[in-house]
Amino acid sequence: MEIHPVYQWRKITPEDGIYLFGYYDRNPWNEDQTLHLAMRIPQETRLPQPGETAEIGVIGKEGYRPLVTTRAWCHQQGCMELFLPRRPGCFVYNDFDLQERKPVARIYQLGKGVVDRFEYPIYAISPDGRWGVSLNFGRIPRRGYSYADTPVPSDQWHPADLDGEGLRLIDLDTGSSKLIVSYRTMLERHPYGYGMEEFYIWLNHAIFNCDSTRLLWLFRQWTDPIGQSCMWHTFMYTCSLTGEDAECILPEVYWKNAISHQIWGRTPREILVDANWRGTGHEAVVFDESRRPFLARRISKGHGAMSHMVFSPDGKWLLSDSYPDENRRQKLILIETATGNMETLGTFRHETAPGSSGDVRCDLHPRWSPDGKIVTVDSIHDGRRAIYQLDLSPIIK
């Protein structure tokens, strides 16, 4: 089965292993787009186990080159490996320090190896490369989005120190960090924070906006973090880099069975969600997080399914993937933001290996190149997880 009858997708990882990059809300390329980060993982049928390592490497003109290993990885987001724009030839990745028994972020310099580290693991870095954001991966009960060596504290439904844990900003130039929004602040500003002792709480999906001045993240709560017999509740918060204006801008009532993914948009206050607020399918919807009262605008009807969506660097296009349908097929759609018109870029097979369990599915997680001409995805189209690339230049010119 061809991915597309016309567009020429190319697998850029070798045939000798299982490869991925990770999430859709980040850039896998170096500054001049000659190298693309990748991971080679040992298996794709179950969640990672404590001590299980994965390999990090780069893909260039000569193919894939292995560089270093990590214990802090997962199938959905890799190890948060990212090039550091203000440190040429360097990338950051999360690892687990065995002596200190905690996750950290290491800095790898091409040609030298590991040269430094940050004391907290990185969740995302700002577009200008100045800032990183960190949170407690160990509190994330969805193990496909956290690390095996950081077990869920099932006996602590709230952090032991509500004032000392929360969202942390890291200065990537100096390595210093500070807590900018504590759990206590989030609970105090929760739209309906009563009865919170009945919920296990955690943070997830922290992202910087387009001009590196603001953050959004998800505050989630669950009554069954271990058995996971019910759905969690989601509250989107945003703040400036000081954290003083932290606010819940999208409470659970907007999320419930209606939104699956979120990301910053084309301007510093715009946010994009795949909203099914009309009950007719998920659509590409944007809103200004600073506007009161709340007002949303539709960019496109989309393909109706839950989707990871991301704007092109110039804001003129939108990539939108899908989960596998009843025939185990995933689609990648290109949307023109000015008109809402859509075009299918590819249809991918998603046949999971027998016996697979946990959050090990392979989402496409589309990523733009910095120049907006190339897209890469993770896919098991050929039976094993790999990274595929498409040159969009002829399509979006």
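When reading the values below, keep in mind they use all heavy atoms of this one structure, side chains included, and skip hydrogens, waters and symmetry mates.
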If we only count heavy atoms from C-beta on, is the [X] to [Y] side-chain gap below 4.5 Å?
| X | Y | value |
| --- | --- | --- |
| Ile380 | His350 | yes |
| Met309 | His282 | no |
| Val58 | Asn30 | no |
| Arg220 | His205 | yes |
| Ser177 | Glu119 | no |

Are [X] and [Y] close enough that their ring centers fall under 6.0 Å?
| X | Y | answer |
| --- | --- | --- |
| Phe348 | Trp9 | yes |
| Phe219 | Phe199 | no |
| Tyr64 | Tyr19 | yes |
| Phe235 | His190 | yes |
| Tyr93 | Tyr108 | no |

[X] side chain to [Y] main-chain N or O, any donor-acceptor pair under 3.5 Å?
| X | Y | answer |
| --- | --- | --- |
| Asp171 | Ser176 | no |
| Asp321 | His365 | yes |
| Arg292 | Glu289 | yes |
| Ser146 | Ile140 | yes |
| Glu81 | Gly22 | no |

Nearest-0.5 Å distance that lies between atom [atom1] in [X] and atom [atom2] in [Y]:
| X | Y | atom1 | atom2 | answer |
| --- | --- | --- | --- | --- |
| Asp371 | Ser393 | CG | OG | 7.0 Å |
| Trp29 | Trp368 | CH2 | CH2 | 13.0 Å |
| Trp255 | Gln262 | CH2 | CD | 4.0 Å |

Please check if the number of heavy atoms outside [X] that lie under 6.0 Å from its [atom1] is greater than 12.
| X | atom1 | result |
| --- | --- | --- |
| Lys316 | NZ | no |
| Glu31 | CD | no |
| Lys11 | NZ | yes |
| Glu197 | CD | yes |

Non-hydrogen atoms of [X] and [Y] that approach each other most closely:
| X | Y | result |
| --- | --- | --- |
| Gly281 | Asn276 | N-OD1, 2.8 Å |
| Lys331 | Leu364 | O-CD1, 3.7 Å |
| Pro48 | Ala148 | O-CB, 3.4 Å |
| Gly78 | Leu20 | CA-CD1, 4.0 Å |
| Leu179 | Arg168 | N-NH1, 3.7 Å |
| Phe91 | Ile56 | CE1-CG2, 3.9 Å |

Does either side chain, that of Asn94 or that of Tyr147, offer a donor lying less than 3.5 Å from an acceptor on the other one?
yes

Regarding Glu252 and Tyr192, do their side chains bring together a donor and an acceptor under 3.5 Å, going by distance alone?
no

Within 45 degrees of the axis of the six-membered ring of Tyr200 and under 6.0 Å from its centre: does Arg139 put its NZ or CZ there?
yes

What I want to find out is whether [X] reaches [Y] closely enough, with some N-O distance under 4.0 Å, to be called a salt bridge.
| X | Y | answer |
| --- | --- | --- |
| Arg117 | Asp95 | no |
| Asp16 | Arg384 | no |
| Glu283 | Lys301 | no |
| Glu351 | Arg349 | no |

Here's a test for you: under ring-ring contact (aromatic ring centres under 6.0 Å, His included), which of Phe294, Trp277, Tyr254, Trp264 qualifies with Phe287?
Phe294

Might you work through the side chain to side chain donor-acceptor pair (under 3.5 Å) test for Asp359 and Gln76, ending with a clear yes or no?
CA-CA 8 Å; Asp359 254 331; Gln76 300 304 318; 4.8 Å; no

Between Tyr23 and Asp363, is the side chain to side chain donor-acceptor pair (under 3.5 Å) condition met? List the steps.
CA-CA 9 Å; Tyr23 225 40; Asp363 297 338; over 6 Å; no

Could you give me the CA-CA distance, side-chain angles and deciding distance for Leu47 and Arg142, then say whether side chain to side chain contact (heavy atoms under 4.5 Å, CB included) is met?
CA-CA 10 Å; Leu47 294 174; Arg142 294 183 71 193; over 6 Å; no

Verify side chain to side chain donor-acceptor pair (under 3.5 Å) between Ser260 and Asp274, making sure each step is shown before the conclusion.
CA-CA 6 Å; Ser260 66; Asp274 65 331; 2.4 Å; yes

Evaluate the side chain to side chain donor-acceptor pair (under 3.5 Å) criterion for residues His303 and Ser322: first the C-alpha distance (whole Å), next the side-chain angles of each, then the deciding distance (0.1 Å), finally the verdict.
CA-CA 8 Å; His303 49 61; Ser322 71; 5.0 Å; no

